[in-house]
Amino acid sequence: MREDKKTPSVRKLRVRKSHIKTRLVLFLLLTAALMLTVIFAQQICPYDPNAQDTSISLQPPSLEHLAGTDRFGRDMFSRILVGLQTSVLSTLCLVVIITVAGTAAGILCGYYGGILDSVVMRISDVCLAFPGLVFALAIASLLGGGLHNAVFALAVISWPKYARIARSQTLSVKNTDYISAARLAGGNSIQIIIRHVLPNSIGPILVTSMLDIGTMLMELAGLSFLGLGAQPPTAELGNMMSGGRSMLQTYPWVIIGPGIAIFAAVVIFNLLGDTFRDYLDPRNSRRN
Amino acid sequence: MRKWKKFWALLLTACLGTGLLAGCGAGEESPEEDTGKKTFVLGDTTFNPENEEPDVNPHNTYSGWACIRYGIGETLFRYSDTMEIQPWLAKSYENVDELTWKITLQDNIKFSSGRTMDAEAVKECLEHLVEVHDRARGDLMIDTITAEGQTVTITTTEPKPTLLNYLSDPYGCIIDMEAGVTEDGIVAGTGPYIAQSLVSGQELKLVKNPDYWNGEPGYDEITVRTISDGDTLTMALQSGEIDAAYGMPYASYPLFENEEYTISSCATSRTFFAHMNFESPVIQDPAVRRAIAMGIDKEGFVETLLDGNGYPAAGAFPENFSFGGGSVTTETYDPEGAEKVLEDAGWTDSDGDGIREKDGQDLEIRWLTYPSRQELPLLAEAAQATLKEIGIQVEINSTADHNSIRVDHDAWDVYASAMVTAPTGDPEYFFTTHCLDDSAVNNGNYHSDRLEELEKELAGEFDTQRRSELAVQMQQTILDDNAFVFCSHLQMSMISKSTVTGLEAHPCDFYEITADLAPAA
Amino acid sequence: MKKYVLRRLLQLIPILLVITFLSFGMMRLAGSDAVLQKMENTGMVVSQEVIDSARAELGLDKPFLTQYFVWLGNLLRGDMGTSYISGQDVFSTFLSKLPATLLLTAVSILLTIVISIPLGVLAAVKQNRFTDYMIRTASFLGNSMPNFFVALLLMYFFSIRLKIFPVIATGISVQSVALPAITLAIAMSAKYLRQVRAAVLDELSKDYVVGARARGISFYTTLTKSVLRAALVTILTLLTLSIGSLLGGTAIVESIFLWDGVGKLAVDAINMRDYPMIQAYVMWMAIIYVCVNLITDLSYRALDPRIRLGGEKV
């Protein structure tokens with residue numbers, strides 16, 4: 001096992017750092033491409049995504065209809081593009097809200113402890129334990145349907161996860177020597193949190209939020225059943241997948257097309273997230 | 001480094017190994033034992049407490065449906081394929097006067113408990129029924145029942161022309177009250193099969209009734225499995241774990257359209273229709289209602305969206321009823337005609353956005369529906385597209401919360417629902433529940449003087465022929481007002497393996513497992 | 001320590017009160033009720049009198065607060081009521097669904113650990129190499145497939161093509177737990193292996209690892225002795241969250257595989273507005289979360305002595 005002692009030399013770290021930069025640029029470009037597609041979906045889609053033509057319903061992919069047609073005879077490719085827009089924008093919005101809110105709550109709880117910690121954590125117990133479906137039903141009936149209400153409903157029930165992770169991370173760095181040192185050096189709490197606690201806890205949080213993009217996308221679709229979420233004819237990826245569920249054996253393109261789009265979005269955001277995390281990692285830059 | 005790799009290789013192999021072992025272990029255990037008994041497994045999506053079928057006791061909510069469908073109980077009268085009343089456990093009847101019915105029972109029929117079915121047994125059963133079952137009490141309006149040998153005499157509190165229809169409802173299954181109802185909800189009936197064990201919402205086990213009065217049942221043992229998920233039902237039939245299925249999703253039909261399976265289908269009176277909200281200013285305009293009726297492509301909806309698994313509707317009732325199908329006339333799909341109707345009524349598209357306006361107001365309707373019936377959101381989306389072509393903007397609200405929204409008249413314009421229009425084969429039910437001033441679900445506050453008048457006549461009419469005529473007139477009144485738009489009738493299908501015969505869909509959806517069900521020769 | 005545990009368990013009482021009251025209120029806000037839902041399902045209209053008498057029978061005609069306190073009173077006397085839908089005793093119905101959920105939770109968590117920890121560590125060790133990218137891509141794939149899709153694919157291949165497992169679960173057995181557990185484990189592993197990777201990477205770049213390597217301690221030893229142990233805090237947090245939600249049941253997977261657990265029971269109850277059953281479920285979830293959190297906090301301490309439990313004097 002002698003060869004395992006490859007202590008990273010300064011030179012190697014520099015190389016790694018420049019690799020990170022290259023990758024970051026690459027993934028940023030990919031993300032930009034995705035976002036451009038999302039923003040200009042209406043302009044680039046070859047057909048009107050809502051135009052029905054029942055004479056060509058459920059056609060397999062062809063040159064004319066790259067991803068086939070759905071049972072209303074609508075062009076799947078156009079619907080996937082537009083669906084990507086609906087899904088990505090609302091999901092990003094949701095994930096940003098819960099990540100920021102949850103992380104803030106978790107770090108404060110972990111750092112200060114005491115009553116604040118107990119109260120916030122009990123609230124989070126209630127949110128976690130409370131069946132999301134009950135809450136969503138109440139929202140649907142109180143505020144009415146619509147995507148923004150669905151985002152709101154999901155945000156309320158999803159933030160505690162981030163609070164939990166952030167709290168546990170904070171707890172594990174709180175008593176480390178460098179925090180104590182920073183405190184002794186007279187740094188105020190906010191500075192310590194921002195300079196030391198946050199950078200040391202962000203890794204797992206960022207990974208969780210990137211991964212949640214895929215999950216939240218499907219959860220948003222699940223709510224449309226309650227009248228929350230996108231209403232027809234709005235195309236939405238999760239909805240398209242669950243709507244095509246029983247066609248898996250007979251007309252698979254109806255469900256696989258949107259699935260690939262979700263996969264692509266998830267991959268791009270996650271790779272970006274990972275690289276961004278590597279880039280932010282204080283230990284990578286400290287030695288630079 | 002090498003050691004490192006070895007470690008992972010070992011770990012992964014271990015994981016795979018356990019996985020495989022689990023797989024093999026599972027593969028070896030084969031619980032199927034060939035005992036020479038003829039067995040049959042039916043997969044059903046509806047047999048569960050959520051559908052009000054928690055058990056097979058006909059005196060409990062809608063459990064009678066399970067009792068009659070799975071061949072446990074039988075009713076005094078039954079429906080023919082053309083939905084006419086025929087004697088079943090009864091031999092004949094006599095309508096002595098408006099309030100008195102004399103029913104003579106078949107001889108030599110025994111309950112599975114061993115007791116002979118005589119007038120006394122029927123009396124006990126019906127008396128218990130009206131005592132515990134609110135719906136039955138309201139339907140039957142029984143005053144007295146007298147039993148004498150094989151003759152039951154029933155008097156009603158008011159003239160009840162449809163008494164025999166109501167007696168044919170699944171709640172009218174004749175069961176042995178002496179044997180009673182077990183804790184699991186099992187009863188003793190007269191049918192070809194005897195319920196043996198029941199787990200609510202999961203499984204019902206039946207055995208052959210060796211003393212069945214009307215032919216020999218074809219199987220020794222039958223299992224009814226509740227499989228609420230349509231895709232699971234599909235795969236269970238594909239893998240051969242069930243022999244027949246009820247409630248298959250339409251998208252799965254192509255998998256079974258070959259000689260290995262038999263599909264038996266039939267139109268039922270479960271109808272997809274739209275209520276117009278007469279409290280809504282836009283809908284109050286008869287031209288708008290007419291244009292909506294003309295702007296929905298019913299044939300297209302049935303042919304492409306339901307893959308042909310449905311029947312375009314004209315009125316409230318399907319073709320196999322004497323007062324159903326084409327006996328009424330209504331608007332057909334005619335986009336040009338609809339545009340002209342709107343144009344004449346002053347709805348024009350002056351700003352060129354594709355949506356018509358009148359007095360500066362866009363022609364926009366709010367379409368309320370719910371997703372628990374898979375066809376309803378499809379119908380909404382199809383209507384949205386075809387109505388847009390004639391210049392009507394449709395906002396869809398497909399929500400589980402529709403029950404509270406539909407009672408708020410400011411919240412919707414059109415409400416599409418799926419309801420059974422003639423559960424007892426008689427037309428009156430639909431009008432009394434949906435269209436009259438005091439109807440429970442006259443959601444759109446529709447009112448027609450003529451309809452109220454016709455209903456008064458229908459309520460007291462005993463002649464079936466005349467009842468049919470009245471039903472046609474009443475439907476026509478509704479359709480002329482475009483108060484409801486009937487879109488399609490549900491097709492009820494049962495798919496069975498070709499090794500099974502005698503599983504036939506029936507228009508009233510009551511009869512599934514009968515003595516005719518048997519292995520193919 | 002004992003005092004701490006006791007105090008945490010006592011917190012259960014206010015949480016239960018708050019949460020049952022909330023769910024009671026929200027279900028009323030959600031509109032509709034059991035009587036109307038049943039009417040919708042059967043497609044049969046019943047007269048207003050029948051609706052009213054059915055409501056009165058269930059006590060739905062009483063004011064909201066009265067309903068809540070009647071329920072609470074009965075609960076304190078040990079009676080959780082009967083289901084509005086099946087008419088069965090709520091407590092025993094709920095209890096009868098628990099073994100299936102417990103088994104599925106245990107098996108899928110076990111599978112998840114077995115898949116995600118080795119793969120996550122491997123990906124971290126091979127950071128940004130081919131292996132890493134392969135593993136991560138697989139995790140993205142697992143992450144972007146909805147679980148009904150995974151479930152149907154598995155069922156198609158294993159039950160129809162290979163005929164290894166039956167489509168219909170018959171009782172609780174190895175055969176029937178396999179597919180639902182794999183379905184759940186695929187989604188969870190996809191998440192966790194990435195968390196494991198991130199956590200291990202974090203630890204790997206810490207000074208003590210670098211130092212240990214410089215001192216000639218083998219990489220393998222460092223990894224197993226220090227790195228994994230430290231990374232376990234994160235993994236544990238996530239796992240406990242998952243155990244919590246798994247114990248709450250997974251309606252989609254349960255209904256596809258006819259797995260008779262509490263998830264489908266809960267969703268059916270909510271859809272049908274079966275209030276007593278919903279209350280039972282809500283209480284179960286609250287109890288799970290409080291207990292699971294307590295165990296997590298205790299194990300944080302065991303794993304990382306630097307963490308102090310709230311209320312303990314330093």
Side-chain angles (χ1 to χ4, degrees), chain A residues 1 4-8 19 23 113-114 117-118 121-122 125-126 128-131 133-135 137-138 140-142 161 164-165 168-169 171-172 174-176 203-204 206-208 211 214-215 217-218 221 238 241-242 245 248-249 255 259 262-263 265-267 270-271 274 277-278 281 283-284, chain C residues 11 14-15 18-19 22-23 26-27 29-31 128 136-137 140-141 143-146 148-149 152-153 156 190-191 194-195 198-199 201-202 205-206 210 213-214 216 218-220 230 233-234 237-238 241 244-245 248 266-267 270 278 281-282 285-286 288-290 293 300 304 306-308 310:
Chain A
M1 294 307 284
D4 264 348
K5 247 188 353 166
K6 285 184 285 189
T7 314
H19 272 183
R23 284 208 318 274
D117 185 27
S118 298
M121 282 300 118
R122 290 308 75 77
D125 283 343
V126 171
L128 278 173
F130 201 73
L133 197 57
V134 173
F135 185 71
L137 264 175
S141 147
L142 269 185
K161 183 166 71 177
R164 283 288 157 78
I165 302 170
S168 79
Q169 289 289 317
L171 283 178
S172 70
K174 185 175 154 191
N175 297 317
T176 50
L206 211 58
V207 172
T208 311
L211 280 170
T215 322
L217 210 147
M218 292 312 302
M241 270 193 104
S242 31
R245 180 175 147 175
L248 187 59
Q249 283 191 64
I255 180 164
I262 295 177
F263 177 59
V266 168
V267 169
N270 276 286
L271 288 178
D274 283 0
R277 189 194 135 270
D278 289 350
D281 193 331
R283 283 164 295 259
N284 274 341
Chain C
Q11 284 173 352
I15 290 182
V18 169
I19 211 167
L22 266 182
S23 73
M26 285 196 178
M27 281 323 289
L29 286 179
N128 292 325
R136 279 200 280 163
T137 310
F140 299 147
L141 195 62
N143 196 243
S144 42
M145 289 192 293
F148 74 81
F149 188 73
L152 293 179
L153 279 185
Y156 182 73
K191 274 206 170 127
R194 303 247 317 161
Q195 303 287 5
L201 277 181
D202 263 2
S205 58
K206 279 189 180 157
V210 179
R213 284 163 135 195
S218 90
F219 179 56
Y220 177 70
V233 174
T234 319
T237 313
L238 288 157
L241 282 173
S245 56
V267 170
I270 293 169
I278 299 171
Y281 178 70
V282 164
M285 292 302 284
I288 292 173
Y289 272 101
V290 170
N293 285 336
Y300 281 163
D304 190 345
R306 286 173 304 179
I307 296 173
R308 278 184 227 107

(message) Just to verify, what does C:N143 make a side-chain hydrogen bond (donor to acceptor under 3.5 Å, both in side chains) with, not counting sequence neighbours?
(response)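 Residues passing side-chain hydrogen bond (donor to acceptor under 3.5 Å, both in side chains) with C:N143: none at all.
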(request) List for me each residue that meets side-chain hydrogen bond (donor to acceptor under 3.5 Å, both in side chains) alongside A:T215, sequence neighbours excluded, and say none if there are none. (result) C:K191
Selection from [options] maximising heavy-atom pairs under 4.5 Å formed with chain C:
options                        : value
A:G114, A:G113, A:S242, A:A265 : A:S242
A:P131, A:G259, A:G238         : A:P131
A:V134, A:V266, A:L217         : A:V134

Distance (rounded to the nearest 0.5 Å) between [X] [atom1] and [Y] [atom2]:
X      : Y      : atom1 : atom2 : result
A:F130 : C:I19  : CZ    : CD1   : 6.5 Å
C:R194 : A:N270 : CZ    : CG    : 4.5 Å
A:D125 : C:I15  : CG    : CD1   : 4.5 Å
C:M26  : A:S141 : CE    : OG    : 11.0 Å

(message) Given heavy-atom pairs under 4.5 angstrom as the criterion, report whether the side chain, backbone, both or neither of C:M145 touches chain A.
(response)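 Contact with chain A involves no heavy atom of C:M145 at all.
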(message) Please classify the contact of C:T137 with chain A as side chain, backbone, both or neither, using a heavy-atom distance under 4.5 Å.
(response) both
Do the non-hydrogen side-chain atoms of [X] and [Y] ever get within less than 4.5 Å of each other?
X      : Y      : value
C:R136 : A:L271 : yes
A:V126 : C:Y289 : no
A:I255 : C:F148 : yes

(message) As an exercise: rank C:I288, C:L22, C:V18, C:V282 by heavy-atom pairs under 4.5 Å with chain A and give me the winner.
(response) C:L22
(request) Among C:P14, C:S23, C:A266, C:A190, single out the residue with the greatest number of heavy-atom pairs under 4.5 Å to chain A. (result) C:S23
(request) Please look at A:I262 and chain C and tell me whether the side chain, the backbone, both or neither of the residue comes under 4.5 angstrom of a heavy atom of that chain. (result) both
